[in-house]
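For reference, the structure discussed in these notes is given below.
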Number of protein chains: 2
Amino acid sequence: MRRARMTRTEDVRRQVLDEILDGTLAPGAQLPNEDALADRFQVSRATVREALRSLIAANYLTRRHGHGTFVSHAPMTRHALDATVSYTAMIREAGFEPSERVLSKESRAATDDEAERLDLSNGDGVVAVERVRLADRRPVVASIDRIPAALLSDEAMQRLDASLYVLLDWVGTPVRFATARLAPVLATDRLAKLLEVPRKSPLMQIEQVDLTADGRPVMLSSEWHVPDAFELLVNRRAPDDGSTEQ
Amino acid sequence: MRRARMTRTEDVRRQVLDEILDGTLAPGAQLPNEDALADRFQVSRATVREALRSLIAANYLTRRHGHGTFVSHAPMTRHALDATVSYTAMIREAGFEPSERVLSKESRAATDDEAERLDLSNGDGVVAVERVRLADRRPVVASIDRIPAALLSDEAMQRLDASLYVLLDWVGTPVRFATARLAPVLATDRLAKLLEVPRKSPLMQIEQVDLTADGRPVMLSSEWHVPDAFELLVNRRAPDDGSTEQ
DNA sequence: GAGTGGTCTAGACCACCGT
DNA sequence: CGGTGGTCTAGACCACTCC
């Protein structure tokens, strides 16, 4: 019954979030000031500010200097493209049951483009997995994922059927970031057949490089998405802080 | 020559960032520990942590509990879709000179869909501006933007030729967030003509709701982008903190 | 065990907002 | 002006990682 670790900050965050979610704090409502919250939760003001920080980052709250802290009218969309890197989670969020079909697995030398984007030397090997993702048995995404062979032990190679994100976590290089390039393309004959859509129908192509926490590329993904299978959303925010550069 | 306000936090952030950018702190390098930095910059450790916080958020740095703070190998891409809402900035970033052609401006009642997404009542008015954005005179984006008429004074209506973001700022409802839905579509005859591309060629459609800091919708945009005009990038990050919800 | 980042406190003063 | 959030300090102790 015991929760793992619960810092005071998490505790305060949790309680404030609960009040937002259950409507005690309605959208537009002003929170008590930080001294009052510190007093109420029996913590220091610094702890209150730390707790509110993450709620503000997720756009649950808005602070206005010299005025107060207020409940926002719309939180960030979770499972948007920017907020997650998990495809399975996005499919599930859309209300479908995710599954997949592996088309091929191979170990080969990286192409020049792959070597460049994965920061590999000439001749280094990659493991490539080609799959079709299904949502309730309907094909929704075709993909080719490439991982540097150097990252995978023989033992890891046996686990290629599992989630590649889980695999990368398992070998000690968990994915924390990714940069995705999105482009509309027409379905080739092969993609049309795989995804069961008409030839030359529009598809969303996503070229993605997955990175560890310190920015090292560990996977290169090429994906083709059937439109309308589920929404591709992006949370955008205007720059505010840290705009030190041009 | 004097910069406006310079807090100690900004000062520390600036100095550390400078060392990262000029290579004094190379990718992978470990920073001095927080006590050492506090001593060196003659500030408290809390101030050091605050300064490092934004550099970590931008992925310039990585912290590993019990180990140290390190320079990342790749910062977040600026001018990616998630990191800005300014189109002009994105076009300029791609190395082109942005301009635009206004196709129409009208004041009319909101459609049901517009009323729903802009949180308006039945019969409320909107001001709609239809434009084509050019990059070095080449058409790259066609768009229709709709703003609730109630937000715009007569005086503001005279400024519809300026950036709509600047206009919304001017009337006191600056855009801070947006939620965009991306989908690949085929060019209709009209869009093909406007964007000077073949009929039925692939376009990126972006449906976007722009929000103020407290989450109120203030503009609805429909855009159609020519692929390859410039890259549409999205920075993605795996969830780590505040994952309190499902 | 030594060294690092993570959490937390109590208090101070500053900057901004509204009236 | 009073009230709010913004910045900052000096110090304490905890939790994690590596040797």
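We name chains A, B, ... by the order of the sequence lines, and we start the count at 1 in each one. Just so it is clear, the structure is predicted and the values come from calculations on it, not from any experiment.
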- Item | Protein-nucleotide distance (A:R49, atom CZ; C:dG6, atom C1'), rounded to Å | 18 Å
- Message: How many whole angstroms separate atom CZ of B:R8 from atom P of D:dG6?
- Response: 19 Å
- Query: Within the structure, does a side-chain N or O atom of A:T69 lie under 4.0 Å from either OP1 or OP2 of D:dT4?
  - Reply: no
- Query: Of the non-hydrogen atoms in B:G125 and B:L120, which two are nearest, and what is the gap between them?
  - Reply: O-CD1, 4.3 Å
- Item | Residues forming a side chain to side chain contact (heavy atoms under 4.5 Å, CB included) with A:H65, sequence neighbours excluded | none
- Message: Applying side chain to side chain donor-acceptor pair (under 3.5 Å), can you list everything that pairs with B:E106, at least two apart in sequence or on another chain?
- Response: B:R108
- Note on the structure: Computed from five pairs at either end and rounded to 10 degrees, the angle between the axes of the helix from C:dG1-D:dC18 to C:dG18-D:dC1 is 20°
- Any side-chain N or O of A:S44 under 4.0 Å from OP1/OP2 of C:dG11? no
- To the nearest angstrom, the CG-C1' distance between B:L61 and C:dT4 comes to 15 Å
- Message: Using whole Å, what does the distance between atom P of nucleotide C:dT4 and atom CZ of B:F70 come to?
- Response: 10 Å
- May I ask you to evaluate whether B:R45 reaches the phosphate of C:dG6, defined as a side-chain N or O under 4.0 Å from OP1 or OP2? no
- Who are the side chain to side chain donor-acceptor pair (under 3.5 Å) partners of B:T9, not counting sequence neighbours? none
- Item | Rounded interatomic separation in angstrom, taking CG from B:L52 and P from C:dT4 | 14 Å
Please write out the pairs of protein N or O atoms and N or O atoms of nucleotides 17-19 of chain D separated by less than 3.5 Å, giving the distance to one decimal.
| residue | atom | partner | partner atom | Å |
| --- | --- | --- | --- | --- |
| D:dT17 | O4' | B:G66 | O | 3.3 |

- Task: Rounded to the nearest angstrom, tell me the gap between atom CD1 in B:I56 and atom C1' in C:dG6.
- Result: 12 Å
- Contacts satisfying salt bridge (Lys or Arg N to Asp or Glu O under 4.0 Å) that involve residues 25-35 of chain B (not counting sequence neighbours) are B:E34-B:R45, B:E34-B:R49, B:E34-B:R63
- Message: Please enumerate all residues that pass side chain to side chain contact (heavy atoms under 4.5 Å, CB included) together with B:Q208, with sequence neighbours excluded.
- Response: A:R236, B:Y165, B:A178, B:A180, B:I206, B:D210, B:S221
- Task: Just jot down the ring-ring contact (aromatic ring centres under 6.0 Å, His included) partners of B:F41, sequence neighbours excluded, or say none.
- Result: none
- Query: Within a reach of under 6.0 Å around CG of B:N122, are more than 12 heavy atoms found that belong to other residues, nucleotides or ligands?
  - Reply: no
- Item | Atom pair distance, as rounded to whole Å: CD in B:E10 and C1' in D:dG6 | 11 Å
- Tell me, which of residues 27-35 of chain B have any heavy atom that sits under 4.0 Å from an atom in DNA chain D? none
- List in chain and number order the residues that pass side chain to side chain donor-acceptor pair (under 3.5 Å) with B:R117, two or more places apart in sequence or in another chain; answer none if no residue qualifies. B:D113, B:E207
- Here the salt bridge (Lys or Arg N to Asp or Glu O under 4.0 Å) pairs for residues 147-156 of chain A, sequence neighbours left out, are none
- Taking all non-hydrogen atoms of both residues into account, name the closest pair between B:A109 and B:G123 and its distance. CB-O, 4.4 Å
- Item | A:E50 CD - C:dG5 P separation (whole Å) | 16 Å
- Item | Qualifying residues under side chain to side chain donor-acceptor pair (under 3.5 Å), relative to A:D11, sequence neighbours excluded | A:Q15
- Does C:dT7 have OP1 or OP2 sitting under 4.0 Å from an N or O in the side chain of A:T47? no
